[in-house]
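Sequential numbering from 1 along the given sequence is applied to the chain's residues. From a predicted model like this one, the values you see are computed outputs, not experimental measurements.
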Amino acid sequence: MKQLFRLTALLAILMAGTTSNAEEDARQLVEMPPMMQQHMMSNMRDHLAAINEILINMANGELDQAAEIAESRLGMSSLDRHGASHMAGFMPQGMRQAGTGMHKAASRFALKAEEGDALAAYAPWSK
C-alpha cells in the first residue's frame, strides 16, 4: 500500500510539472495556404533526414560528405532550393530569425567539417 501511495505521489508531481510547462508555451499558429504548409513540412522532413545523414557520415569519419550535405541541404546555399524567399512572408519575425540561425549554423558546421576537425564541427560555439 505504501508503494502505491509513493507511485501515485510521484505521478502527481510529474503531471503537475507537465501542466506548468504547457501553460508557458508561447508558440503561435502560423497560418499559410495548404500548399505552402505542405512545402514547409517537406522542407522540415528533409532537414531531419539531412541531419541523420550528416551524423552517419560524421560517425564514419567522412567529414567532407557531412559538410556537403550540411551546406547543400541545410546551409545558406540551400535557401533557394527550399523556396525560402516565398516562405518568409508567411513567417513571424521570430520564426524567420530561428530559420536563418539554423541555416547559418549549418554553413558554419560545413566549414569546420571541411577543415577535417570533427570536434570543432560538433562544437556549438564554432563560428
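Contacts classified as ring-ring contact (aromatic ring centres under 6.0 Å, His included) and involving residues 53-76 (residues at least two apart or in different chains) are not found. Each ring-ring contact (aromatic ring centres under 6.0 Å, His included) pair with one or both residues in residues 52-80, not counting sequence neighbours, would appear here, but there are none. Residue pairs that meet the ring-ring contact (aromatic ring centres under 6.0 Å, His included) test with at least one member in residues 59-78, sequence neighbours left out, do not exist here. Counting only residues at least two apart or in different chains, ring-ring contact (aromatic ring centres under 6.0 Å, His included) contacts with residues 51-71 are absent.
The hydrophobic cluster containing Leu111, built from Ile/Leu/Val/Met/Phe/Trp/Tyr side-chain heavy atoms closer than 4.5 Å, comprises no other residue.
Contacts of Arg45 classified as side chain to side chain donor-acceptor pair (under 3.5 Å), with partners at least two apart in sequence or in another chain: none. Here Ala50 pairs with Ile69, Arg73, Leu74 under the side-chain contact (heavy atoms from CB on, under 4.5 Å) rule; sequence neighbours left out. Under the rule for a side chain to side chain donor-acceptor pair (under 3.5 Å), the partners of Ser107 that lie at least two apart in sequence or sit in another chain are Glu71. Checked against ring-ring contact (aromatic ring centres under 6.0 Å, His included), His47 has the following partners two or more places apart in sequence or in another chain: His82, His103.
To the nearest 0.5 Å, atoms CD1 (Ile51) and CG (Asp46) are separated by 10.0 Å. In this structure, Met102 CE and Met44 CE are separated by 8.5 Å, a value rounded to the nearest 0.5 Å. The distance from atom CE of Met36 to atom NE2 of His86, rounded to the nearest 0.5 Å, is 7.5 Å.
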Quiz item: Can you check side-chain contact (heavy atoms from CB on, under 4.5 Å) on Lys104 and Arg108, steps first, answer last?
Solution: CA-CA 6 Å; Lys104 287 181 178 180; Arg108 287 192 307 270; 3.8 Å; yes
Would you tabulate the side-chain donor-acceptor contacts of residues 88-100 under 3.5 Å, counting partners in other chains and residues two or more places apart, or write 'none'?
{"residue": "Arg96", "atom": "NH1", "partner": "Met91", "partner atom": "O", "Å": "2.5"}
{"residue": "Thr100", "atom": "OG1", "partner": "Arg96", "partner atom": "O", "Å": "3.0"}

Just list the side-chain donor-acceptor pairs under 3.5 Å for residues 55-68, sequence neighbours left out, or say none.
{"residue": "Asn57", "atom": "ND2", "partner": "Glu53", "partner atom": "O", "Å": "2.8"}
{"residue": "Asn60", "atom": "ND2", "partner": "Ile56", "partner atom": "O", "Å": "3.2"}
{"residue": "Glu68", "atom": "OE2", "partner": "Ser72", "partner atom": "OG", "Å": "3.2"}

